[in-house]
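Here is how names work: the chains are called A, B, and so on, in the same order as the sequence lines, proteins then strands, and each is numbered from 1. Remember, predicted model here, so these are calculated numbers, not experimental data.
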2 protein chains.
Amino acid sequence: MSKVSLRDLAKTLDVSISTVSKALRNSYEISAETRERVMEAARQLGYHPNPYAGSLRHHKSKTIALLVPELTNNFFIQAISGAESVAQERDYHILIYNTHEQYQKEESIIGHLGNGRVDGVIMSLTSETGRYDHLNDLIQSGIPIVFFDRIAHEIETAKITTDDFTSAFNGTEHLIRHGCRDIAFLSLSDSLSIDNKRKQGYLEALNKHDLNLPASRIVRCEGDDAGNHTRIRELLQAEKRPDAIFASVEKLALSTYNAARDAGVRIPEDLKVICFSNLRTAPLLNPSLTTITQPAYQMGAQAATVLFKYLEKKRPVIQNENIILKSELIPRDSTRKTSN
Amino acid sequence: MSKVSLRDLAKTLDVSISTVSKALRNSYEISAETRERVMEAARQLGYHPNPYAGSLRHHKSKTIALLVPELTNNFFIQAISGAESVAQERDYHILIYNTHEQYQKEESIIGHLGNGRVDGVIMSLTSETGRYDHLNDLIQSGIPIVFFDRIAHEIETAKITTDDFTSAFNGTEHLIRHGCRDIAFLSLSDSLSIDNKRKQGYLEALNKHDLNLPASRIVRCEGDDAGNHTRIRELLQAEKRPDAIFASVEKLALSTYNAARDAGVRIPEDLKVICFSNLRTAPLLNPSLTTITQPAYQMGAQAATVLFKYLEKKRPVIQNENIILKSELIPRDSTRKTSN
DNA sequence: AAATGCAACGCAAACGTTTTCGGAGTTTAT
DNA sequence: ATAAACTCCGAAAACGTTTGCGTTGCATTT
């Protein structure tokens with residue numbers, strides 16, 4: 001039972017190809033009787049239309065691309081899961097690409113998406129991405145992009161984010177209320193919008209509470225886990241170590257846990273830790289980890305919903321729009337007040 | 001700058017479409033001079049070939065599908081990541097589908113993959129999947145499938161698994177060596193090959209050590225987290241509770257941690273826990289979790305490698321082949337020997 | 001001078017659809 | 001009875017490629 005085409009159906013039924021095609025699409029031009037015959041034969045022979053032939057005619061692929069900077073990451077996975085659910089409902093297909101936090105890969109992949117392979121793109125930027133020509137080119141060629149989390153402000157389109165500034169502000173205040181005065185901020189990138197917003201929220205909270213900290217309290221980390229580990233360990237073993245760490249992303253908090261263990265620094269007695277995270281095991285950690293949890297699944301679902309809404313129009317140019325969802329601060333033991 | 005086709009290039013260069021096409025593919029039929037002119041123009045106008053036109057001609061899409069029963073799952077994500085890396089190297093594209101542990105979805109998605117959308121499939125079965133007609137049909141229609149982890153023995157093709165029997169055997173012996181005599185096994189499915197192998201390994205170890213346990217020590221769990229939680233809590237609060245739990249999958253171990261906390265059962269003093277898991281935070285849990293960790297990334301990469309090897313042949317019929325990778329037992333505190 | 005060879009290019013078919021248009025046959029209206 | 005309208009279907013173009021083959025012009029060989 002090899003592939004069966006319209007032509008095959010037409011031949012066995014002794015009608016024309018166009019009749020078969022119309023019958024399958026319930027055209028009014030076809031009599032009920034032949035329609036039934038065609039349908040039956042299609043079922044019998046296991047006919048499935050060749051998607052690419054249709055794509056070629058319609059300039060629609062019913063496929064979107066999903067670009068993320070990291071795959072083994074709870075946040076992105078949940079977002080992907082959300083987008084996938086919406087796509088499955090709408091009979092869309094999802095091509096997935098890992099940009100590995102590399103601008104060069106992002107550019108290359110976006111380039112390959114040019115000519116009709118996908119109808120639209122959902123993406124989160126690389127931590128290296130500082131210029132947006134490749135993205136603008138794609139949009140110019142008629143393929144809309146919806147951003148989530150790591151967005152490009154400069155591009156006019158729909159962007160799904162969370163209240164990063166407020167969350168970071170609240171998170172920092174949470175630390176201050178629990179007795180911290182020397183809070184280090186672990187940053188991932190200088191070019192990323194979310195990183196900057198979180199940084200600003202952190203600084204604004206310090207400012208409100210008249211805490212003057214040296215610029216070195218903002219520690220710039222990288223993709224490399226091992227490097228981050230030693231960087232954080234040095235921070236914790238320095239002359240004057242911070243009494244709290246605000247990790248801008250989950251993996252930096254995990255590195256902090258490991259580094260603290262190595263350095264003999266107790267959490268939360270010696271060091272309180274909070275971070276943005278979608279870790280399911282946060283309540284089970286030792287100690288349980290205080291997190292700011294983003295609605296990752298909803299962000300992905302929302303991004304897909306917005307994209308599909310526009311894709312169903314004839315000329316899909318997405319309006320500039322900022323959709324901001326709320327994150328949730330979940331206090332746990334890593335920021336628990338201690339006697340000393 | 002809208003989409004530019006071969007025809008557009010031909011028109012601006014005042015040559016025929018076929019000349020342009022051949023020039024771009026470095027045909028010997030084209031002079032070096034025109035070849036350069038064409039290349040330059042293509043670069044200038046940002047020409048990218050329409051992938052679907054090519055697919056239509058060649059019956060090759062350079063695309064594969066990846067079906068997993070769950071997305072928010074560390075094992076599957078790492079496997080996906082491995083497959084994606086290999087695919088990106090080879091310029092293949094990956095369509096991703098979540099079957100949500102539902103046979104019906106699996107069947108439907110497989111059905112839609114019939115006519116040329118993909119060149120091949122990499123998948124892990126649903127816990128509900130007990131019949132394989134849909135998969136056989138797909139293979140009959142010329143689209144090869146490579147299984148990983150949750151495989152279908154009945155289908156002749158390449159299958160990537162881990163040494164589930166041995167790992168479960170060793171894991172159970174590990175528990176026995178650490179003083180456990182009443183070990184419960186949390187199972188996920190009766191139809192899944194890996195679940196059965198793990199169960200057999202568990203039973204064989206019990207047998208070797210002359211431990212006779214009632215059949216009720218094998219607890220059949222489900223997809224529903226809440227249900228599992230109460231099921232496990234009841235197990236722990238029963239008259240005579242087990243002194244160890246062997247969770248066949250990660251999420252059942254996490255439910256066990258939660259249930260133990262609810263029931264006031266201490267790990268590892270009252271209950272030792274081991275499980276198959278790819279959790280990055282296993283060392284950071286309270287207590288740290290003893291795991292049998294599968295080489296998930298390598299499994300995905302391996303599956304992709306095997307698939308691509310066959311796809312490059314003319315008639316891709318995959319030989320029956322069992323590729324078995326080794327899992328690693330990593331002892332941690334959840335199975336630590338305690339005084340009492 | 002005629003025949004042959006070769007280099008460089010264009011024609012056209014094909015992949016599997018969808019859709020416009022026209023045509024044949026039948027029914028309805030005048 | 002003739003014209004008009006309607007029903008049902010087929011022919012063919014188009015989407016953007018690739019490729020076998022034919023064609024042209026020129027140089028080389030006899």
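Checking B/Val15 against B/His58, the closest nucleotide of DNA chain C that is more toward the 5' end is the one next to B/Val15. Looking at which nucleotide of DNA chain C each of A/Ser21 and B/Ala53 is closest to, the 5′-most match is held by B/Ala53.
Distance A/Arg117 CZ to D/dC15 P: 21 Å, rounded to the nearest Å. Atom NE2 in A/His48 sits roughly 16 Å away from atom P in C/dG16 (whole-Å rounding). Separating the CG atom of A/Leu13 from the P atom of D/dC9 is a distance of 12 Å, rounded to the nearest angstrom. Rounded to whole Å, atom C1' of D/dT17 lies 16 Å from atom NZ of B/Lys3. The interatomic distance linking A/Asp8 (CG) with C/dG16 (C1') rounds to 10 Å, in whole Å. Per the geometry, CG belonging to B/Leu56 stands 9 Å off P belonging to C/dT17, to the nearest Å. Protein atom CD1 of B/Ile17 is 12 Å distant from nucleotide atom C1' of D/dA14, rounded to whole Å. One atom, CG of B/Asp14, and another, P of C/dC9, lie 12 Å apart when rounded to the nearest Å.
Not one side-chain nitrogen or oxygen of A/Thr19 sits closer than 4.0 Å to the OP1 or OP2 atom of D/dC9. Within the 4.0 Å cut-off from OP1 or OP2 of C/dC15, at least one side-chain nitrogen or oxygen of A/Arg7 is found. For the OP1/OP2 pair of C/dA14 and a distance below 4.0 Å, the side-chain nitrogens and oxygens of B/His59 include no atom meeting the criterion.
Under 4.0 Å is where a charged nitrogen must lie from a carboxylate oxygen, and between B/Arg43 and B/Glu40 at least one such pair does. B/Arg90 and B/Glu312 are joined by a salt bridge, as a carboxylate oxygen and a charged side-chain nitrogen come within less than 4.0 angstrom of each other. Using a cutoff of 4.0 Å between basic side-chain nitrogens and carboxylate oxygens, A/Arg35 and A/Glu29 are not scored as salt-bridged.
A/Ser18 comes within contact range of at least one nucleobase, with a heavy-atom separation under 4.0 Å.
For DNA chain C, the residues of residues 25-33 of chain B within the heavy-atom distance limit of 4.0 Å (strictly under) are B/Glu29, B/Ile30, B/Ser31, sorted by number. Near-neighbour residues of DNA chain C inside residues 34-41 of chain A, defined by a heavy atom below 4.0 Å, are absent.
Minimum heavy-atom separation, A/Thr99 to A/Lys105: O-CB, 3.7 Å.
Candidate nucleotides C/dC11, C/dT17, C/dT19 were compared by shortest atom distance to the side chain of A/Asn50, and C/dT17 ranks first. Checking C/dT17, D/dC21, C/dT19 against the side-chain heavy atoms of A/Leu6 singles out C/dT17 as nearest. Closest to the B/Ser16 side chain, of the nucleotides C/dC11, D/dG16, C/dT17, is C/dC11.
A donor-acceptor pair is defined here as one N or O able to donate and one able to accept, closer than 3.5 Å; such a pair exists between the side chain of B/Lys159 and the backbone of B/Ile155. Checked by atom type and distance alone, the side chain of B/Ser124 pairs as donor or acceptor with a backbone atom of B/Phe148 at under 3.5 Å.
Annotation: the span from B/His153 atom NE2 to B/Tyr132 atom OH amounts to 8.5 Å, rounded to 0.5 Å.
Only one option out of B/Ile145, B/Leu125, B/Thr161 pairs with B/Ile151 in a side chain to side chain contact (heavy atoms under 4.5 Å, CB included); it is B/Thr161.
Between B/His112 and B/Tyr97, the distance from one ring center to the other does not fall under 6.0 angstrom.
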B/His134/B/Tyr103 under ring-ring contact (aromatic ring centres under 6.0 Å, His included): CA gap, chis, key distance, verdict = CA-CA 10 Å; B/His134 55 312; B/Tyr103 170 78; 5.2 Å; yes
